[in-house]
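Predicted, not measured: the structure shown is a model, and the values here were computed from it. The sequence lines fix the lettering, A, B, ..., with proteins before strands; numbering per chain opens at 1.
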Number of protein chains: 2
Amino acid sequence: MQLTRRAEYAIRTMLDIASNLDDQPLMSKEIAARQDIPPNFLIQIVPELRSAGLIHTVRGSGGGIYLTKKPSEITLRYIVEAIEGPIALNQCLIGDASCERKPRCPVHEVWALAQKQMLAVLEATTLAGLVDQSQSGKKASKTSAPTDVAGKINNEVELEV
Amino acid sequence: MQLTRRAEYAIRTMLDIASNLDDQPLMSKEIAARQDIPPNFLIQIVPELRSAGLIHTVRGSGGGIYLTKKPSEITLRYIVEAIEGPIALNQCLIGDASCERKPRCPVHEVWALAQKQMLAVLEATTLAGLVDQSQSGKKASKTSAPTDVAGKINNEVELEV
DNA sequence: CCTAAACTTTAGTAAAATGGTTAACTTTAT
DNA sequence: ATAAAGTTAACCATTTTACTAAAGTTTAGG
Ligand code: FES
Ligand code: FES
């Protein structure tokens, strides 16, 4: 029921790159150092982010990593699922998995709702929002209040089961 | 990020007992058969439910299991946490775990909110509600509509971060 | 063209979690 | 007594997790 370190590191990495103002690509080693990620572990995670289409990598001397999309277009959910695959709170909630118990299982829809609520939060959160928040946090919240995400959720989540 | 089989089986077990109308205790073997649980696995789970205070067990011939509390007082969250321990979507969200990154980590409150949303659903769901629903489901919903839980959530969840 | 800097790929690995099974033990109704 | 229940503890194979390591590939710059 917990985020893996891989995914946690992937989030930190994406956040690190999104916070970068220069337009030159960042080296994985530097990111690892800044974000307290085992460097040898990160170079294993980077290709996964790449094949998920989240980052672009430049090989060779002077190479590095940069984002493929705008930070405002990258959600927390997308990053997590790029590393861990589809998020599911129970086995029977994975994609099309047809659980034979589903029709008569009264708990199923409860898990489905719990998952929906959770995913709504992860989906309403973009890299841009996070960077924005951490920067405004440094000097007495300027732009968006931290309650922003909650506000979004309230409007976006549909609660029908 | 997924419920373990242990917890899933625990839920089925609790549900099975709650659905039982007789006042005589149920045998773990019978429950296992009804709920598709490996019997030898269940007899390992039962003591955990007992030490969590959820069930009362009677040893010896003619013994079995019955609930300690009323089904309306047992939430889904409580059952899951009885087996898996505190639910936390990320390591830094476990109890008092003081993550050194927390102060400067912009993602933390997002995970906290996602978890809160999820837990709200699991907490609004009681055994009584589930039994009620599965029984009314058998003959064209009679009492509470399946949207019940959602309705509850809408009112109960506080969305401030 | 050669070398160092960067990502890529593939292996390997120790420790823990997962999902079970087995068997010896204790309690209790009959 | 004895058989029927739950209790306890140990065991086990497999998978996942969180890393480490090393050989390979691409590319800028001298
Ligand atoms: S079938 Fe999905 S929770 Fe029971
Ligand atoms: S410190 Fe909790 S999510 Fe970063």
First-last contacting nucleotides on DNA chain D - partner chain B, under 4.0 angstrom, heavy atom: dA4(D) to dA10(D)
Partner set under side chain to side chain contact (heavy atoms under 4.5 Å, CB included) for Ala112(A), not counting sequence neighbours: Leu93(A)
Any Tyr9(B) side-chain N or O less than 4.0 Å from OP1/OP2 of dG20(C): yes
DNA chain C-proximal residues of residues 18-47 of chain B, any heavy atom under 4.0 Å: Pro38(B), Asn40(B), Phe41(B), Gln44(B)
Flag, side chain of Thr126(A) to backbone of Glu73(A), donor-acceptor distance under 3.5 Å: no
Backbone N/O of Thr75(B) and side chain of Glu123(B): donor-acceptor pair under 3.5 Å: no
Distance check needed: [N] [atom2] versus [X] [atom1], whole Å only.
| X | N | atom1 | atom2 | answer |
| --- | --- | --- | --- | --- |
| Arg50(A) | dC7(C) | CZ | C1' | 9 Å |
| His56(A) | dT8(C) | NE2 | C1' | 15 Å |
| Gln91(B) | dA16(C) | CD | C1' | 13 Å |
| Glu48(B) | dG20(C) | CD | C1' | 13 Å |

Set of residues satisfying salt bridge (Lys or Arg N to Asp or Glu O under 4.0 Å) with respect to Arg101(A), sequence neighbours excluded: Asp36(B)
Derivation of the side chain to side chain contact (heavy atoms under 4.5 Å, CB included) call for Leu15(B) and Val131(B): CA-CA 7 Å; Leu15(B) 215 38; Val131(B) 170; 4.0 Å; yes
Pairs satisfying ring pair (Phe, Tyr, Trp, His ring centres under 6.0 Å), at least one member in residues 48-76 of chain B, at least two apart: His56(B)-Tyr66(B)
Residue mapping more 5' on DNA chain D - nearest nucleotide basis, Val58(A) or Arg5(A): Arg5(A)
hydrophobic_cluster_shared for Leu49(A) and Ile87(A), side chain cutoff 4.5 Å: yes
Side chain to side chain donor-acceptor pair (under 3.5 Å) partners of residues 1-21 of chain B, not counting sequence neighbours, each pair once: Asn90(A)-Arg5(B), Asn90(A)-Glu8(B), Thr4(B)-Glu84(B), Arg6(B)-Gln44(B), Arg6(B)-Glu48(B), Glu8(B)-Arg12(B), Asp16(B)-Arg34(B), Asp16(B)-Gln35(B)
Given DNA chain C, 5'-ward residue of the pair Gly62(B) and Thr4(B), judged by closest heavy atom: Thr4(B)
